[in-house]
Amino acid sequence: MRPTSPVPGRSRGARIAAAAVLAVALGATTAPVDAHDGKHDSQESTQATQQETLCPPAKEKRLKDAGDRFAAACQPGNDFAGLDDSNAALAQGETAGSKNIELIANIPKQGAFANDSALNSDLAFKGTYAFAGNYNGLMVYDISQPQKPRIVTQVVCPGSQNDVSVYGDLLVLSVDSSRSDDSCNSVAQPASEKSSWEGIRVFDISNPAAPRYAASVETSCGSHTHTLAPTKNGKDLYVYVSSYSPNAAFPDCQPPHDQISVIKIPTASPDDAALVGTPVLFPDGGNPGGNGSSTTSGCHDITAYPSKDIAAGACMGDGILMDISDREHPVVTEQVRDTTNFAFWHSATFNNAGTKVVFTDELGGGGAPTCNPTTGQEKGADGIYDIVDGQLVFKSYFKIPRTQSNTENCVAHNGSLIPVKGKDIMVQAWYQGGISVWDFTDSANPKEIGWFDRGPYNEAALTIAGAWSTYYYNGYIYSNEIQRGFDVFDLRDPRTAPAKKVRMDLFNPQSQPSYNG
């Protein structure tokens, strides 16, 4: 079924017996989903049958403690009892993939990040370095030899999700867990205490082996994710901060929270980073929720295309386009909803021409097994939209075709374009669904052209794992696997061969560059 039209008035058998069932309306949760590393009180999972469900109290607590939106899998309406994972092919410890993709390197998590609760998150790239976020800090890898990446340094600085971006000699981290202060020695502290802090941290990475903490900026409801939008002269770096799910009990996260935060970082003096605005994106309140879609109370992620002065926002119950020609005052130009199949608008990717947007739906909060025949191919999928006369026009859905087991969290997640001129090809993470390379040049008929998958991280119980972010950079695919560490893949296919020659000095997938020069 197709999504609803744009908002009026805007121009714009079960493999594991203990695993139980995704109701047909898995995404039909009308209340806002949880966020902020367990700050919010998760709701008790209802019991539709007498058999063990996916979220008994102990499991619900583990998902809540993991942060992000994983506890959404335990909300009312997400009752598990009988997901059909009979076609799941891989056992724990097994791998499989298409002939055109090879895993050529893996660096396991280690040190302060070795524990299962220290989740790997986003990636960014500069020169021959990859910067990898983790809930406990960040890793810096030397990728000058992709077949033999090496660890440069580990920075311990807790604060989920620690999503990371880089620009020049600056690195920005998102902190969306309530902390006692802004330092790397902070401890968790209730968001109900006014003195608690969350927002962004800024590091000087002129020496990648020794990042220097330069500044912090507190933002309303923290920073779940952020997006860089530098000025065209490069003198100022603007940061669009996305956060959501306000609570009247939290002094620094009050409803309605229909806004984003805009931070300005002078590149010559990053210590002067400051909040310069909180533009309201949803003066009408946004999607009220219901029919399986989320209530809009902020944005989850924004992708900017700075050279074209445009951005796309994935905002819980709404997908939007923005004009960012005035960096401090972004303006919503188009707004669309899908109340049939999208549970939670999670992220966005433009095609290179800026004429399409791929939005992802994070059904079940990323903590549920939604890649199976029970859920189907239209929920927890990508939604492909053409931009026609400034409006978002729905064309099709794409979802990986492989059934995953009931102990594998799987749903559409972070990806990026593969730079092939004249084609729209993307590589994408699917948590424990692995990684997928797919072509959406024909918006109405997307097709997968490559993939790699591992068996469940834990065959006996659902443990949060899998590819969080998977991106193409300078000839190779890099993936931050939540539990298994840093992966490097070699993609060799005549359809993507031209991308091997494209070189970038800087790459943040949420701040898209043009590879046509």
Side-chain angles (χ1 to χ4, degrees), residues 1-6 27 87 97-101 303 305 312 314 319 321 334 336-343 345-363 370-373 375-404 410-430 433-453 470-472 477 491-499 509 512 515-516:
M1 298 180 68
R2 291 177 176 268
T4 57
S5 59
N87 289 327
S98 55
K99 293 182 179 179
N100 56 356
I101 292 181
T303 293
Y305 203 151
L321 292 178
E334 167 69 339
V336 69
R337 294 171 188 160
D338 180 350
T339 57
T340 301
N341 288 312
F342 261 44
W345 295 68
H346 175 275
S347 54
T349 302
F350 286 103
N351 69 335
N352 190 58
T355 58
K356 302 177 185 179
V357 183
V358 174
F359 288 102
T360 66
D361 170 29
E362 196 180 46
L363 174 69
T370 74
C371 298
N372 50 63
T375 310
Q377 291 300 109
E378 294 184 337
K379 294 180 183 294
D382 297 310
I384 305 165
Y385 289 75
D386 284 356
I387 303 174
V388 181
D389 296 327
Q391 296 188 329
L392 290 166
V393 179
F394 173 78
K395 303 301 289 187
S396 66
Y397 296 106
F398 171 79
K399 188 174 181 180
I400 59 172
R402 289 166 297 286
T403 299
Q404 304 297 308
C410 177
V411 75
H413 214 236
N414 295 350
S416 74
L417 296 181
I418 296 178
V420 180
K421 292 182 180 181
K423 297 288 186 180
D424 300 325
I425 301 176
M426 184 172 176
V427 63
Q428 186 175 8
W430 288 80
I435 72 170
S436 175
V437 177
W438 58 288
D439 187 328
F440 63 103
T441 306
D442 180 349
S443 302
N445 296 285
K447 58 183 179 180
E448 187 175 60
I449 63 175
W451 60 279
F452 177 88
D453 190 15
T470 303
Y471 305 134
Y472 192 94
I477 293 170
L491 171 65
R492 294 194 172 275
D493 188 293
R495 293 165 290 191
T496 60
Q512 287 189 218
Y515 52 79
N516 288 327

I'd like to know if the side chain of Tyr305 and the backbone of Asn352 have a donor-acceptor N/O pair within less than 3.5 Å. yes
Nearest atoms (heavy-atom pairs only) where Gly354 meets Ile387: O-CD1, 3.6 Å
Mind checking the CG-CD spacing from Asp386 to Gln391? Nearest 0.5 Å is all I need. 12.5 Å
Ser98 (side chain) donor-acceptor with Trp451 (main chain) under 3.5 angstrom: yes
Would you say that Ile477 contacts Phe452 through its side chain, given a criterion of any heavy-atom pair below 4.5 Å between the two side chains? no
Minimum heavy-atom distance Pro446-Tyr397, with the two atoms named: CG-O, 3.7 Å
Side-chain heavy atoms of Phe350 within contact of Leu321, under 4.5 Å: yes
At what distance, to the nearest 0.5 angstrom, does CZ of Phe342 lie from CD of Glu362? 11.5 Å
Any Lys/Arg nitrogen of Arg495 or Asp439 sitting under 4.0 Å from an Asp/Glu carboxylate oxygen of the other? no
Apply side chain to side chain contact (heavy atoms under 4.5 Å, CB included) to the pair Asp382 and Trp438, showing each step before the final yes or no. CA-CA 11 Å; Asp382 297 310; Trp438 58 288; 3.3 Å; yes
Counting N and O atoms only, with roles assigned by atom type, does the side chain of Glu448 sit under 3.5 Å from a partner on the main chain of Pro401, one being a donor and the other an acceptor? no
Do side-chain atoms of Asn100 reach the backbone of Ile449 as a donor and acceptor pair under 3.5 angstrom? yes
Can you name the closest pair of heavy atoms from Cys410 and Ile400 and give their distance? SG-CD1, 3.9 Å
Approximate separation, where rounding is to 0.5 Å, of Thr470 OG1 and Ile435 CD1: 5.5 Å
Are any side-chain N or O atoms of Ser396 and backbone N or O atoms of Ile384, one a donor and one an acceptor, separated by less than 3.5 Å? no
For residues Asp453 and Trp430, determine if any side-chain heavy atom of one lies less than 4.5 Å from a side-chain heavy atom of the other. no
Nearest 0.5 Å, what's the CZ-OG distance between Phe394 and Ser443? 10.5 Å
Residue of the set Thr370, Leu363, Thr340 for which side chain to side chain contact (heavy atoms under 4.5 Å, CB included) holds with Lys379: Leu363
Using 30° and 60° as the class limits, which term best fits the ring planes of Tyr385 and Trp345: parallel, tilted or perpendicular? tilted
Considering all heavy atoms, the nearest Asn351-Thr355 contact: OD1-N, 2.8 Å
Donor-acceptor pair, side chain of Lys356 and main chain of Thr441, under 3.5 angstrom: yes
Phe398 CZ to Glu378 CD distance, which is reported to the nearest 0.5 Å: 13.5 Å
Would you say Gln428 and Thr349 make side-chain contact, with heavy atoms under 4.5 Å? no
In the structure I gave you, are the side-chain heavy atoms of His346 and Asn414 within less than 4.5 Å of one another anywhere? yes
Could you go step by step and tell me if Leu392 and Phe359 meet the side chain to side chain contact (heavy atoms under 4.5 Å, CB included) rule? CA-CA 11 Å; Leu392 290 166; Phe359 288 102; 4.0 Å; yes
Side-chain heavy-atom pair Tyr515, Leu417 within 4.5 angstrom cut-off: yes
If I compare all heavy atoms of Ala348 with all of Thr303, which pair ends up nearest, and what's the gap? O-OG1, 2.6 Å
Using the side chain to side chain contact (heavy atoms under 4.5 Å, CB included) rule, take Cys371 and Lys399 through it: C-alpha gap first, then chi angles, then the decisive distance, then the call. CA-CA 8 Å; Cys371 298; Lys399 188 174 181 180; 4.2 Å; yes
Is a side-chain N or O of Thr360 found less than 3.5 angstrom from the main chain of Ser347, in a donor-acceptor match? yes
